[in-house]
Amino acid sequence: MSTVVVLQQMGVIIILVAIGIYLYKKKVVDNTVSQKISVIVMDICNPALILASILSGNVTASHKDLLIAIILGAIFYIGLVVLGAILPFILKVEKDKRRFYNLMTVYTNVGFIGIPVARAILPENAILYVIVCNVMYSLLFYTHGITILSSGKEKINLKHVLSPGTIMAVLSLLVCWFKITPPPLISSSISYIGNATVFLSMVLLGVSIARSDVTTGFKEIRLWGYIVIRLVLLPIAMFFVLRGIGCKDITVLGFCLMAAMPVGNLPLIQSEKIGEDTELLSKAITVTTMVSMVTITLLMMLFTSLI
């Protein structure tokens with residue numbers, strides 16, 4: 001994959017995001033509509049895209065590749081949990097905000113943004129690493145995540161782990177492992193549903209940016225420190241570590257892209273649910289999402305030129 005391809009594909013994504021901004025400004029898509037579309041994307045389209053990528057037959061991962069992906073994914077998230085505990089102290093975050101920075105470090109947007117971006121700019125085999133990261137994310141958030149956010153007060157609810165996205169991700173890994181081929185009627189239907197994901201998710205991202213107070217978020221100095229460490233230095237460090245241990249190019253690019261994702265929405269949703277102040281998380285999601293359009297493009301261009 002050349003840097004020109006990365007630039008072109010990220011350019012497409014930026015255009016789709018711009019369409020979302022335009023639709024919100026013209027009041028074609030309001031908050032109610034975007035909320036309903038978000039449910040469709042998260043519970044139907046995104047899971048379908050994951051499975052469709054496996055059923056396409058273009059993902060040629062072996063059992064060894066799958067096991068390596070799971071092991072590396074587990075190590076990656078263990079590392080994020082450790083970094084999440086340390087980073088607030090590095091950035092000298094106020095005590096009452098440390099848990100938010102902790103969550104921001106571990107739970108980036110590997111699903112809503114990560115899946116369509118990976119599908120757009122990486123070879124199809126890379127979806128394997130995206131799937132693994134989404135499984136790890138779900139398993140961790142409803143255990144480690146809600147514990148950190150509530151300072152141990154919120155009870156762990158394992159039934160939330162079994163979201164449509166997690167179920168489909170695990171199913172996709174099983175399909176990949178056992179080389180299951182469903183009837184054309186099923187696979188074609190899943191493919192058509194999944195194909196809607198990139199457009200809808202990027203339009204919703206544009207809507208989210210359009211309705212946010214961008215200027216105040218960009219004035220948060222510690223957010224810029226977070227961006228440098230979490231969205232830039234970490235992917236670069238991962239690139240050299242994965243290359244150093246002899247990982248395949250597609251493995252390196254897949255995990256590095258996941259490491260470069262902006263702050264995810266789930267910590268914000270959970271914070272609203274338990275009545276926490278969500279101002280910091282809202283700013284972080286908006287700022288990191290906008291900045292990541294640039295950082296992801298530059299990083300992936302750099303990585304592809306070095307491979």
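- Judged by distance alone, the side chain of Asn134 and the main-chain N or O of Val110 form a donor-acceptor pair under 3.5 Å.
- Ser191 places no side-chain N or O within donor-acceptor distance of the main-chain N or O of Ser188, the cut-off being under 3.5 Å.
- Sequence neighbours left out, the pairs with a member in residues 181-222 that pass ring-ring contact (aromatic ring centres under 6.0 Å, His included) are Phe218-Trp224.
- Cluster membership check: Ile78 does not share its hydrophobic cluster with Phe255, using side-chain heavy-atom separations under 4.5 Å among Ile, Leu, Val, Met, Phe, Trp and Tyr.
- The one candidate from Met104, Arg99, Arg98 that meets the side chain to side chain contact (heavy atoms under 4.5 Å, CB included) condition with Pro88 is Arg98.
- Here Thr251 pairs with Tyr129 under the side chain to side chain donor-acceptor pair (under 3.5 Å) rule; sequence neighbours left out.
- Residue Tyr77 comes nearest to Cys133 through the heavy atom pair OH-O, 3.5 Å, listed as atom of the first residue, atom of the second, then distance.
- Applying the side chain to side chain donor-acceptor pair (under 3.5 Å) criterion to Asn31, with sequence neighbours excluded, gives Arg211.
- Listed by first then second residue, pairs satisfying ring-ring contact (aromatic ring centres under 6.0 Å, His included) with a partner in residues 279-307 read Phe239-Phe303, not counting sequence neighbours.
- Side chain of Thr288 to main chain of Val263: a donor-acceptor pair is present (N/O by atom type, distance under 3.5 Å, no hydrogens or angles).
- If you chain together ILVMFWY residues whose side-chain heavy atoms come under 4.5 Å of each other, Ile193 ends up grouped with Ile44.
- For Arg119, the side chain to side chain donor-acceptor pair (under 3.5 Å) partners are Ser53, not counting sequence neighbours.
- Taking CG of Leu234 as the start and CG of Leu299 as the end, the distance is 10.5 Å to the nearest 0.5 Å.
- Linking Ile, Leu, Val, Met, Phe, Trp and Tyr residues whenever their side-chain heavy atoms come within less than 4.5 Å leaves Ile40 and Ile113 in two separate clusters.
- The neighbour count for Lys179 NZ, taken as heavy atoms of other residues, nucleotides or ligands under 6.0 Å away, is above 12.
- Considering only residues two or more places apart in sequence or on other chains, Glu279 meets the side-chain contact (heavy atoms from CB on, under 4.5 Å) condition with Asp277, Lys283.
- For the salt bridge (charged side-chain N to carboxylate O under 4.0 Å, His left out) condition, the pairs that include at least one residue of residues 229-257, sequence neighbours left out, are Asp65-Lys248, Arg243-Asp249.
- In this view, Phe141 and Tyr107 satisfy the ring-ring contact (aromatic ring centres under 6.0 Å, His included) rule, not counting sequence neighbours.
- Note on residues 13-51: no pairs pass ring-ring contact (aromatic ring centres under 6.0 Å, His included), not counting sequence neighbours.
- Distance alone, capped at 3.5 Å, is enough to place a donor-acceptor pair between the Thr197 side chain and the Cys45 backbone.
- Using a 4.5 Å cut-off between side-chain heavy atoms of Ile, Leu, Val, Met, Phe, Trp and Tyr, with links allowed through other members, Val241 and Ile68 fall into different hydrophobic clusters.
- Linking ILVMFWY side-chain heavy atoms closer than 4.5 Å, directly or via other members, places Leu67 and Ile245 in a single hydrophobic cluster.
- Remark: side-chain polar atoms of Arg222 are paired, donor with acceptor, to backbone N or O of Lys92 under 3.5 angstrom.
- Residues passing the side-chain contact (heavy atoms from CB on, under 4.5 Å) test with Val294 are Leu298, sequence neighbours excluded.
- With rounding to the nearest 0.5 Å, the separation of CD1 in Ile229 from OG1 in Thr105 is 8.5 Å.
- Ile75 meets the side-chain contact (heavy atoms from CB on, under 4.5 Å) test with Ile71; sequence neighbours excluded.
- One hydrophobic cluster holds both Trp177 and Val130 under the rule that ILVMFWY side chains link at heavy-atom gaps under 4.5 Å.
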